[in-house]
Number of protein chains: 2
Amino acid sequence: MRLTTKGRYAVTAMLDLAFHSQTKPVTLVEIATRQTISLSYLEQLFARLRRAGMVKGVRGPGGGYTLCGSANDINIADIIMAVDERVDSTKCGGEANCQKHQACLTHDLWMGLSEQIRDYLKSITLGQLLEKHHVQGVAKRQEQDAARVIEVHRHPEANVSAL
Amino acid sequence: MRLTTKGRYAVTAMLDLAFHSQTKPVTLVEIATRQTISLSYLEQLFARLRRAGMVKGVRGPGGGYTLCGSANDINIADIIMAVDERVDSTKCGGEANCQKHQACLTHDLWMGLSEQIRDYLKSITLGQLLEKHHVQGVAKRQEQDAARVIEVHRHPEANVSAL
DNA sequence: ATAATAGTTGACTATTTTGCTGGGTTAAGT
DNA sequence: ACTTAACCCAGCAAAATAGTCAACTATTAT
């Protein structure tokens with residue numbers, strides 16, 4: 001399991017998609033502008049995500065991408081692995097032909113850790129993240145509201161609508 | 001929090017160090033040969049680890065590196081962050097000047113996830129990994145012993161010492 | 001039919017990271 | 001003095017990352 005900016009881009013885009021594709025397909029152009037990711041880079045990422053069966057492309061006017069299935073059925077580990085292009089990740093790929101015992105020991109340790117991380121990310125779904133964020137968002141808005149109440153007392157003209 | 005091969009090298013080297021520096025300092029040459037990492041790359045990694053206060057260098061003959069403190073006090077997240085050279089990691093670095101609300105929302109989501117991963121890795125120490133591995137190692141050896149018993153019955157000449 | 005939309009593909013470039021080489025200098029033990 | 005090692009650089013080649021460009025194909029609204 002590797003965590004790079006590439007995976008972050010993919011997760012971010014999928015989050016955006018999950019958030020906006022409730023009613024209609026979302027175009028990559030929208031995601032690109034919202035998330036400030038280059039369109040063509042998104043195209044590459046979504047090509048992999050589509051091949052992994054996580055999103056579905058809808059052609060023609062009004063088209064775009066939608067999630068395949070519910071946001072609650074899509075976990076973070078799968079997204080990252082879909083775009084990450086697994087490359088053996090070890091020099092002695094689990095083979096028994098590795099003479100260097102010590103190397104294999106620590107190598108085993110790392111693999112175990114990596115697996116733990118993967119399991120962990122597998123237990124987190126897009127739906128959970130959105131849900132969690134929703135809660136946080138509400139909390140944050142409440143904070144801001146409270147701050148605005150205080151602020152209004154000093155600068156009554158600053159009472160702008162925040163959303 | 002990023003997980004790359006660089007971090008893996010660092011964790012691997014630290015595991016090796018924790019395992020072998022019980023009595024005396026361990027030279028980078030030893031680690032390099034055991035873990036098949038280039039000496040100069042190790043030097044770079046250990047320069048950072050030293051600056052982070054995780055290892056102590058001892059010069060001169062009989063010198064090498066030792067852990068600063070117990071293996072139970074060194075967690076994985078700190079090792080990775082020490083070598084990883086934090087580079088802002090976000091375009092709108094938490095600033096309030098980011099107009100793109102939507103971008104910040106999903107960005108927040110990712111940051112939250114990243115933090116969860118970091119907390120998770122912070123909860124795992126070198127000592128725990130070594131301990132865990134020790135248990136696994138014993139179990140694996142027992143498996144192999146059992147397999148050898150079976151094997152001996154078929155090919156008595158294959159009774160080589162495995163360790 | 002045809003134009004518009006939008007995905008598909010592949011090649012191509014710039015930048016960054018990675019892993020490594022080799023040259024030193026400095027401190028400490030013999 | 002001499003050796004052993006940490007320590008410190010400057011640079012470098014290969015790979016990965018991030019992004020670009022352009023031609024192409026499939027779908028659908030009109």
Side-chain angles (χ1 to χ4, degrees), chain A residues 2-13 17 20-21 24-33 35-68 80 82-91, chain B residues 2-13 17 20-21 24-33 35-68 80-81 83-91:
Chain A
R2 282 172 42 206
L3 285 187
T4 65
T5 51
K6 194 174 195 172
R8 191 175 72 208
Y9 276 131
V11 173
T12 300
L17 183 58
H20 291 95
S21 67
K24 49 181 63 179
V26 176
T27 70
L28 292 188
V29 174
E30 292 177 60
I31 299 178
T33 54
Q35 306 299 333
T36 50
I37 306 173
S38 95
L39 175 60
S40 308
Y41 198 40
L42 270 184
E43 282 171 353
Q44 285 179 33
L45 298 180
F46 271 77
R48 289 173 192 267
L49 291 172
R50 191 177 56 82
R51 271 180 238 130
M54 317 190 75
V55 297
K56 191 174 54 179
V58 180
R59 297 187 169 195
Y65 280 98
T66 57
L67 293 182
C68 276
I80 293 175
V83 299
D84 224 41
E85 185 119 58
R86 196 110 237 73
V87 272
D88 90 336
S89 91
T90 112
K91 288 170 183 174
Chain B
R2 282 172 42 206
L3 285 188
T4 65
T5 51
K6 194 175 195 171
R8 190 175 72 206
Y9 274 129
V11 173
T12 300
L17 183 58
H20 291 95
S21 68
K24 48 180 64 178
V26 176
T27 70
L28 292 189
V29 174
E30 291 177 58
I31 299 178
T33 52
Q35 306 299 334
T36 50
I37 306 173
S38 95
L39 176 60
S40 308
Y41 198 40
L42 270 183
E43 281 176 354
Q44 285 180 35
L45 297 180
F46 272 78
R48 291 172 193 267
L49 291 171
R50 191 177 54 84
R51 273 178 236 130
M54 317 190 75
V55 296
K56 190 173 56 176
V58 180
R59 296 188 169 192
Y65 281 97
T66 56
L67 293 183
C68 276
I80 294 176
M81 287 189 295
V83 300
D84 224 43
E85 184 120 56
R86 195 111 241 68
V87 273
D88 87 337
S89 91
T90 114
K91 288 170 184 176

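All chains are named by letter (A, B, ...) in the order of the sequence lines, taking the proteins before the strands, and each is independently numbered beginning at 1.
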Aromatic rings B:Tyr65 and B:Phe46: how do their planes relate, parallel, tilted or perpendicular, breaks at 30° and 60°?
tilted

What's the spacing between [X] [atom1] and [Y] [atom2] if we round to 0.5 Å?
{"X": "B:Gln35", "Y": "B:Arg8", "atom1": "CD", "atom2": "CZ", "value": "11.5 Å"}
{"X": "B:Leu45", "Y": "B:Lys6", "atom1": "CG", "atom2": "NZ", "value": "6.5 Å"}
{"X": "A:Leu17", "Y": "A:Thr27", "atom1": "CG", "atom2": "OG1", "value": "10.5 Å"}
{"X": "B:Leu39", "Y": "B:Thr33", "atom1": "CG", "atom2": "OG1", "value": "9.5 Å"}

Out of D:dT17, D:dC8, C:dA6, whichever nucleotide has its closest atom nearest the side chain of B:Arg50:
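Looking only at heavy atoms from C-beta outward on B:Arg50, the closest nucleotide is D:dC8.
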
Out of C:dT9, C:dA28, C:dA4, which nucleotide sits closest to the side chain of A:Pro61?
C:dA4

What is the distance, to the nearest angstrom, from the [atom1] atom on [X] to the [atom2] atom on [N]?
{"X": "B:Arg8", "N": "C:dT17", "atom1": "CZ", "atom2": "P", "answer": "19 Å"}
{"X": "A:Leu28", "N": "D:dG19", "atom1": "CG", "atom2": "C1'", "answer": "15 Å"}
{"X": "B:Leu45", "N": "D:dA6", "atom1": "CG", "atom2": "P", "answer": "14 Å"}
{"X": "A:Tyr9", "N": "C:dT16", "atom1": "OH", "atom2": "P", "answer": "12 Å"}
{"X": "B:Glu30", "N": "D:dA6", "atom1": "CD", "atom2": "P", "answer": "9 Å"}
{"X": "B:Leu17", "N": "D:dA6", "atom1": "CG", "atom2": "C1'", "answer": "14 Å"}
{"X": "A:Leu39", "N": "D:dG19", "atom1": "CG", "atom2": "C1'", "answer": "11 Å"}
{"X": "A:Leu42", "N": "C:dG7", "atom1": "CG", "atom2": "P", "answer": "10 Å"}

Along DNA chain D (nearest heavy atom to each residue), the more 5'-positioned of B:Val26 and B:Gln44:
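Of the two residues, B:Val26 wins.
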
Could you check B:Gly63 against A:Ser38 and say which one's nearest nucleotide on DNA chain D is further toward the 5' end?
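It is B:Gly63, whose closest nucleotide lies nearer the 5' terminus.
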
With the criterion being N/O to N/O and under 3.5 Å, what pairs connect the protein with nucleotides 21-26 of chain D, and how long is each?
unit_1 : atom_1 : unit_2  : atom_2 : d
D:dA26 : O4'    : A:Arg59 : NH1    : 2.1

Measuring to OP1 and OP2 of C:dG19, would you say a side-chain N or O of B:Tyr41 lies under 4.0 angstrom away?
yes

Are OP1 or OP2 of C:dT18 and a side-chain N or O of B:Thr4 less than 4.0 angstrom apart?
yes

Describe the nucleic acid contact of [X] in one word from base, sugar-phosphate, nothing, applying a heavy-atom distance below 4.0 Å.
{"X": "B:Val58", "answer": "sugar-phosphate"}
{"X": "A:Gly57", "answer": "nothing"}
{"X": "B:Tyr65", "answer": "sugar-phosphate"}

Tell me which pairs pass salt bridge (Lys or Arg N to Asp or Glu O under 4.0 Å) where either residue lies in residues 44-62 of chain B, with sequence neighbours left out.
B:Arg48-B:Glu85

Using side-chain hydrogen bond (donor to acceptor under 3.5 Å, both in side chains) as the criterion, list what pairs up with A:Ser21, not counting sequence neighbours.
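If we apply the side-chain hydrogen bond (donor to acceptor under 3.5 Å, both in side chains) test to A:Ser21, skipping adjacent residues, there are no hits.
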
